[in-house]
> 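The structure is given below, and queries will be raised subsequently.
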Amino acid sequence: RAIEIYDYARRDDGTVPMNYPTRGLQESVTYSMCQVMMYADYVRYHDNLTWLKARIPGMRQTLDGIARFENAEGLLVDLPGWSFSDWVREWKLGIAPDGAGTVPNAFNNLYWVMTLNGAAAVERALGEPERALIWERKAKRTMAAVERQFWDERRGLFADTVRHDKFSEHAQCLAILSGALPRERCKRLFETMLAADDLARCTVYFSYYLFETYFAFGRGDLFLQRLDLWRNYVSRDFKTPLEAPDGGKNGQKEARSDCHAWGSHPIVFMQRGLAGIDSAAPFYRKVRVAPAPGSLRHLEARSPHPRGFVAVELEFESGRASGRVTLPDGVDGTFVWGDEEIPLHSGENPIQTARTVDVLVIGGTSEGVAAAAAASKRGASTLLVTPYAYLGEDLVGTLELQISKSNGHPPLVQRLATDEQGMAEYDYWPDRTTPHPRAVFRNDRWERFSEPSPPKTPSDCVYYESDLNCRCVLR
């Protein structure tokens, strides 16, 4: 509905007003770019192609109108109206450094690159690859100029200005989300952004893009930390989100309005980020569920889909995810957890992922147990896997009544069998204490047969006529 209203409000030059209907005049090129990016969102999460195709001429007109303000390098300059960026306290009128005037800045142009690449994705989804190439070529040209003018090699960050005297989270987020940089470079840029402590920080509105960047790298923990602003709203008994942090709007002491819809975006990321429910194909034809729960150990979410709802109920423990994912009829997708992918189909899908560990030991032999114990003692997360219901398969069930050093067994087996202290490291509690009458053993009553002195060999034992369950505790 918002796309349709702004489409009706579009002016002859392609720009859309910041509010409509209205008697006044409030225009913004950055706002017009934001409106174009709604089309890319629509392609991802909705499926009414007939309705969308009727809107596309307006999208193209807006892009052509904005392109009139490109300079010879392809950088936007001297934009009309209010180039609002975010209510950062140090930014006058919420405009990023050098965002108004004849000198280009990073914010407006990285936003432009992201807008162009989003428009190209819309054109391709609608079967217009030639038109997509037009926007992609423009995006590449602008991004090349952004690299020349704003990339700061010394800091490994994009500067806000051509003087490289100001830096922000905003520029780094836009560069990462623009679709113009390789994945590995985005990862390095993200890590550098997190380490820098002098960047202008995103406030209420632009935290949307910050959170999108966090979840691009699976960092739900960072998202939960940055929700302190919204937690503060609750502590102050606000029922709706504020437009800006206190003191962040034109230096005012209060943040009017106290009911501003753009501050509600954390709800989106609780579903799309923490629960990881997202589109994996144009028009939501496929679903991708890649949760990034941070410190959460349990979550339930239900997210709308053109054919119904995608629902998840998940538990997280010891690096594993378990639970279920339910998809609408006629929809399939993929569940992603680390490097593991599980196909999803319509209806309910049980989820049980493998555990993520530092060291995986295959086989429960004495050597395997020794290797797992050594890795664990060194602080590694360790998992030992065996097909048997017990450990020590090279010692247990071998039909050897006595084991000696000459039998060629590994050191751990020999130690357990022959060392005075070996078997004493384990305590055994039989579930019955009455031995078979024919049993011959050194103690009359064996509630714990590692006392009073350790057995010398595994042949020192108590014999029972029926099954006997013992439990072993490693001390």
Side-chain angles (χ1 to χ4, degrees), residues 15 18 27-37 40 62-63 66-67 69-71 73-119 138-152 155-181 186 189-190 192-193 196 198-213 216 244-245 248-250 262 265:
T15 61
M18 298 185 75
E27 58 185 358
S28 168
V29 172
T30 54
Y31 207 79
S32 296
M33 287 191 277
C34 185
Q35 189 264 348
V36 170
M37 284 190 280
T62 296
L63 292 168
I66 296 171
F69 299 100
E70 292 180 341
N71 66 9
E73 284 189 283
L75 294 173
L76 296 179
V77 294
D78 204 16
L79 300 180
W82 182 21
S83 295
F84 177 78
S85 307
D86 191 17
W87 283 125
V88 176
R89 194 165 301 179
E90 296 79 18
W91 294 359
K92 186 177 181 180
L93 297 175
I95 301 174
D98 289 348
T102 58
V103 178
N105 80 336
F107 183 101
N108 294 347
N109 284 285
L110 286 167
Y111 212 46
W112 180 225
V113 172
M114 187 163 69
T115 301
L116 289 167
N117 281 329
K138 291 181 72 64
K140 288 180 180 178
R141 179 171 178 253
T142 300
M143 191 63 197
V146 167
E147 292 268 18
R148 290 192 299 269
Q149 295 283 1
F150 302 105
W151 176 250
D152 191 291
R155 296 204 58 180
L157 296 167
F158 285 94
D160 290 333
T161 69
V162 294
R163 300 178 300 279
H164 293 208
D165 58 348
K166 292 182 174 65
F167 294 82
S168 66
E169 289 180 331
H170 305 67
Q172 319 320 314
C173 290
L174 289 174
I176 290 168
L177 298 174
S178 68
L181 299 179
C186 287
L189 180 58
F190 178 66
T192 305
M193 180 187 77
D198 62 341
L199 306 182
R201 290 167 66 86
C202 302
T203 71
V204 183
Y205 155 63
F206 207 83
S207 288
Y208 176 91
Y209 299 100
L210 177 69
F211 294 160
E212 196 168 13
T213 303
K249 184 178 180 182
N250 299 339
W262 70 22
H265 58 73

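In what follows, residues are counted from 1 in the order of the sequence shown. Since this is a predicted model, take the numbers as computed values, not measurements.
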> Kindly say whether L93 contributes a backbone atom to a donor-acceptor pair with the side chain of W82 at under 3.5 angstrom?
yes

> With rounding to the nearest 0.5 Å, note down the distance linking OG in S83 to CE in M33.
7.0 Å

> State, to 0.1 Å, how close S178 and V113 come at their nearest heavy-atom pair, and which atoms those are.
CB-CG1, 3.9 Å

> Please determine whether side-chain hydrogen bond (donor to acceptor under 3.5 Å, both in side chains) holds for the pair N109 and T142, giving the CA-CA distance in whole Å, both sets of side-chain angles, and the decisive distance to 0.1 Å.
CA-CA 7 Å; N109 284 285; T142 300; 5.5 Å; no

> Search all heavy atoms of V88 against all heavy atoms of A200 and return the closest pair with its distance.
CG1-CB, 4.2 Å

> Give a yes or no answer on whether the side chain of D152 reaches the backbone of L157 with a donor-acceptor pair at less than 3.5 Å.
no

> Taking atom CE of M37 and atom CG of N117, what is their separation to the nearest 0.5 Å?
11.0 Å

> Is it true that a side-chain atom of Q172 and a backbone atom of F190 form a donor plus acceptor pair closer than 3.5 Å?
no

> Please round to the nearest 0.5 Å and tell me the distance separating atom SG of C173 and atom CG of L210.
4.5 Å

> Hey, which of F167, F150, W151 is the one that makes ring-ring contact (aromatic ring centres under 6.0 Å, His included) with F158?
W151

> What's the separation between atom SG in C186 and atom CD1 in I176, rounded to the nearest 0.5 Å?
5.5 Å

> Between E27 and P80, which heavy-atom pair has the shortest distance, and what is it?
OE2-CB, 4.3 Å

> Do the non-hydrogen side-chain atoms of S207 and H265 ever get within less than 4.5 Å of each other?
yes

> Heavy-atom distance under 4.5 Å between the side chains of M143 and L110, does that happen here?
yes

> In the structure I gave you, are the side-chain heavy atoms of Y111 and V29 within less than 4.5 Å of one another anywhere?
no

> Which heavy-atom pair separates S32 from I66 by the least distance, and what is that distance?
CB-CD1, 4.3 Å

> Search all heavy atoms of S85 against all heavy atoms of A96 and return the closest pair with its distance.
OG-N, 3.1 Å

> Ignoring hydrogens, what is the shortest heavy-atom contact between R141 and G74? Give both atom names and the distance.
NH1-CA, 3.3 Å

> May I ask you to test the N105-K166 pair for a side-chain heavy-atom distance under 4.5 Å?
no

> Indicate yes or no: at least one non-hydrogen side-chain atom of D98 is less than 4.5 angstrom from one of D160.
no

> Side chains of W112 and F69: does their closest heavy-atom pair fall under 4.5 Å?
no

> Indicate yes or no: at least one non-hydrogen side-chain atom of L63 is less than 4.5 angstrom from one of K138.
no

> Can you say whether the rings of F107 and W91 are parallel (under 30°), tilted (30 to 60°) or perpendicular (over 60°)?
perpendicular

> Any side-chain heavy-atom pair from E169 and D86 closer than 4.5 angstrom?
no

> Please check if the side chain of T30 supplies one atom and the backbone of F84 the other of a donor-acceptor pair under 3.5 Å.
yes

> Pick out which of N108, V103, V146 makes a side-chain contact (heavy atoms from CB on, under 4.5 Å) with L75.
V146

> Give the ring-plane orientation class for Y209 versus Y205, where under 30° counts as parallel, over 60° as perpendicular and anything between as tilted.
perpendicular

> Would you compute the distance between atom OG1 of T161 and atom CD of Q149 and round it to the nearest 0.5 angstrom?
10.5 Å

> Measure the OG-CG distance between S168 and L174 for me, rounded to the nearest 0.5 Å.
8.0 Å

